[in-house]
Amino acid sequence: MPYTNDVAALNPENWSDAIQENLYKELVAMDVADLKFKKKLTSGTQVHFPMFGALSTTAYVKGTDVTVQALDTTDEYLTVDQQYESSFYLDTIDEKQNLFSHGGWYS
């Protein structure tokens, strides 16, 4: 008759000495954001970006007429009308009793 042993309670669990930082892995907006219009956002909720429409190119043959294209403009805009935050509560007793140094990520 085969025996099945359950000795899982004897297996230790290992813990890291540091808390994994995930803020930099998830918050990538500042790396790709264009902040040159930041000064314009001190009032109002929109920044407009006027731009020329798309033009196409054609082969040019010397001495022949060219086709003139109509030039148009368009307007793209950034609307800043939402705010986000992330809060949590950590009791001072829990802060004192946990093994990890918070390193300034909470206060």
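Below, all heavy atoms of this structure are taken into account, side chains as well, without hydrogens, waters or symmetry copies. Please read all numbers here as calculations on a predicted model, not as lab measurements.
The other residues sharing a hydrophobic cluster with Y60 are V66, where clustering joins ILVMFWY side chains under 4.5 Å apart. Taking Ile, Leu, Val, Met, Phe, Trp and Tyr as hydrophobic and joining them when side-chain heavy atoms fall under 4.5 Å apart, one finds F52 in a cluster with L55, L71. Within the hydrophobic cluster formed by Ile, Leu, Val, Met, Phe, Trp and Tyr side chains joined at under 4.5 Å, directly or through other members, Y89 stands alone, with no partner residue.
Here side chain to side chain donor-acceptor pair (under 3.5 Å) pairs that include residues 68-83, with residues two or more places apart or in two chains, are Q46-T79, H48-D75, S56-Q69, Q82-Y84.
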